[in-house]
Amino acid sequence: MDKPTTTEVTSFTLNGSIAQVEPLPGERLSYALRERLDRKDVKIGCNAGDCGACTVLVDGAPVCACLMPVQQAVGRQVETLAGLVKTDHDAQALMQSFQHHQAAQCGICTPGMMISAVALLREVPQPSAAQVQDALGGVLCRCTGYRKIIDAVVGAHAADGLTVASTALGQPARRLDGQAKVDGSEAFGDDVAPAGALVARVIRAPHASAGFTFGDLEAWRSAQPGIHCILTADDVPGLNAFGVIPGFIDQPVFAVNHIRFRGEAVACVVGEAEAMIALDLESFPVRWSPQTALADTDAATAPDAPQLFEDRKGNIMCGGFVQCGDVEAALDAADVTVEAQYTTSFVEHGYIEPEAGFAQVIDGRIHVHACTQAPGMDREALAAILDRPMADIRIVPTAVGGGFGSKIDLSLQPFIALAALKTARPVRMTYARAETMQSTTKRHPAQITIKVGAKADGTLSGLRFDGDFNTGAYASWGPTVANRVPVHASGPYHIPDYRARSRAVHTHCPPAGAFRGFGVPQSAIAQETAFDLLAEKLGLDPLEFRLKNALADGVPTVCGQVFDQGVGIAPCLEALRPAWEEAKAECARFNAKNDTVKRGVGIAGAWYGCGNTSLPNPSTILAGVRPDGTVVLHQGAMDIGQGANTVIPQIFAQALGLSVEGIKILGGDTDITPDAGKTSASRQTFVSGNAALRTGEALRAQILRQVNAGPAAQIGCQDGQLTVTDGGRTQRLDLTRLPVDAQRYVLQAQESYDPPVKPLDENGQGVPYAQFGYAAHLVVVEVDIALGLCRPLRFVAAHDVGRAINPLLVEGQVQGGIAQGLGMALMEEYIPGRTENLHDYLVPTIGDVPPIETLILEVADAHGPYGAKGLGEHVLIPTAPAILNAIYHATGARVTQTPATPTRLRAALKEAGHA
Ligand code: FES
């Protein structure tokens, strides 16, 4: 934005009323709406017109408010979601339909989607799916996979008057927190700062590797009106480092003397909001001395490569290893072998909500309100950085507009906490899109070599796997990826002779960390596509080959773990059989008539261990009963769109024996909810779900004891009071006679659950996870031979979830994961300095995701709450290899580097003999 010169009053109609603002010259409509008129239902994802989150109606037409100068709105009608849902019949219908169809997950894109849909419905009351895709094409969603959004708009008026389905466990219940997502009132990280808060911005490195020195910071600051302070490493009272794995706390809050990746923080400027808008950060006094940068693992492991850390020789941060049997002997004895190399790229999480929040000091304690997946971990890390006891720090998570793993790590929290302490004022910060893409974690690029062997009858006889994972400049979750990959690289198959090695290698790239699957999607690309090659050599059908080798109850994994029940990969594969046979026949018919466009079908299986690998992983849930009979659930499992705010209460309610509607739910806040652990590794339904189940059972036992009722008694709620019915007799509970505890409860239960795992030995043998979830995907693709374009036409996804606590949420997770897997397979490639925005970095749009059929399998797990298994990661893992296998089936071209961009696909097609 240009520097302010003059202002003049600007008037327009906002949601039916006259609005007047005094904008800065060139001010965006989105800024005026949010910051001057408090219309926080207008969301900001990119400030560049790429994501569409800020879409509003101007004179009835959808526009990106971030692209329109506010002066262009003078005299016009501006409508936002919060206004529309009060008066507009289409918006009200969409509000119901979006909830009914589960079309809002995190909800950050929802206002933009609904606004665009209102404009469509005014023109076309009964739109087709294609018309919806066309009308909503400018709005990105990273969570849902779009199909349910299409369903919600197509069926908008059919949802009018629909009653809310049962919220009982196992029912396709609407989200309990869904209303705020569809009426514009959901408060994300950038929506919560108090008026008048100072603004902080980070000074970041423009180079991948460089030394640096500061000039006269105080002279620069004092020359800038409205700037209060500059923070550097000298202002960190405690540990100038953060990280997530003990022994790998290595990322500086502010770099000292040199930086290791483009986008690394060196300082932070804090000032009044409008002064910060006008500030020219290009003039910030820092001098850079660029140095040799290591861009990939080959460069980093070269003998003469500069070392990022002195104590990590050869730039190898750590490795993982699993071995059983004698893989070399087995491969030597195999009748058929396949050996192949694969390369994957950095993948950006691409959540629509950039990191945002504010911090303030209250009574000497620091309160941090920000989007996060891990409030408990944030508090621990801030205590070390601020050199304060944990009791001095309160983390109040906002709604999270998508996370997918990256928001487990700290981002802006240290900056705003330090700034609030230094200035004694509330301080807010929101990352720019380029900043979030440069500085936050990514999916690890991998270079993988795999060799697989089989006997002539199709029995797998050995698998050897070696993978180098580019972990970037700092550790983040790299050790977790290195450990998890060798455990999973076999896929869900019985392989008695196996050896898998992984290495996490430092480079001068952004830190690679947690991203849906923790390295398993990369290893699955190698393993599942190599399996297709092996099946072909054996003359076996790919589905039959997988079924022949699928793990089963009582069959050891490559870690020597044996499950007595719950191994669901074979049922998943079997569930695909009808679609598989049908698709093969359909593709053959199509291909017989077409030369330039070919169709193919591919499948892939997957498994994923839920929770931490061989490490403690506890969750704690608290519940209590107030004297007036109100049951309160303190559930701190962060809902980042996946549905913990609904699933955890459903499990608790089932265990307690009361309907969810009768329970008041308090969300994550480190002052009021016990630590439910981080939302990652598909652990919340499993781990926090078990804690909720135990808490529900414990509270139920206390309630029943009050009236000496038996275990089969029914708990109810009448006129707001708890009742117990036992043997045909109903008693109201007089809770007023009970003493009230410090939390104002008369009855209280708090229970924890920690999955039973055991450490892995030097050969990776042990009990890494208490449960695995299983999946198999099928995809039909169409490949344009001349253009090298691959277009998925249809997915069928079979998932064993043990017990579907909420089938509607299961479908939502599956469809969203498939969209991300599609992106990883075909278009997503983060390149530092080149794809740092949502224009150059391509994520799937509403037109890219074809129909998805979800098949839910329920093979109960011994440890899961009511048999349930985690799901969040599993949904992405088989997608990319299934697509690559389908491309091969269609064309005979084997793509070994993802994403399979048109250039790479064309090269593979040429190699396969296509002109
Ligand atoms: Fe669309 Fe999260 S629901 S981005």
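We use all heavy atoms of the structure for the numbers below, so side chains are in, but hydrogens, waters and symmetry mates are not. Just follow the structure's listing: the first ligand is 1, and inside any ligand the first atom is 1.
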In Ile805, Leu176, Thr685, the residue satisfying side chain to side chain contact (heavy atoms under 4.5 Å, CB included) with Gln650 is Ile805
Please report the interatomic distance CZ(Phe686) to OG(Ser619), rounded to the nearest 0.5 Å.
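The CZ atom of Phe686 sits 10.0 Å away from the OG atom of Ser619.
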So, Gln99 versus Arg175: side-chain donor-acceptor pair below 3.5 Å or not?
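No donor-acceptor contact under 3.5 Å links the two side chains.
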Is it true that the side chains of Ser439 and Glu435 contain a donor and an acceptor less than 3.5 Å apart?
no
Do any protein N, O or S atoms sit under 2.8 Å from atom 2 (Fe) of ligand 1, and which ones are they?
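Listed by chain and number, the nearby protein N, O or S atoms are Cys106 SG, Cys143 SG.
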Could you tabulate the donor-acceptor pairs under 3.5 Å formed by side-chain atoms of residues 845-852, not counting sequence neighbours?
residue : atom : partner : partner atom : Å
Thr845  : OG1  : Gly847  : N            : 3.3
Thr845  : OG1  : Asp848  : OD2          : 3.1
Asp848  : OD2  : Thr845  : N            : 2.8

Tyr608 and His874: aromatic ring centres closer than 6.0 Å?
yes
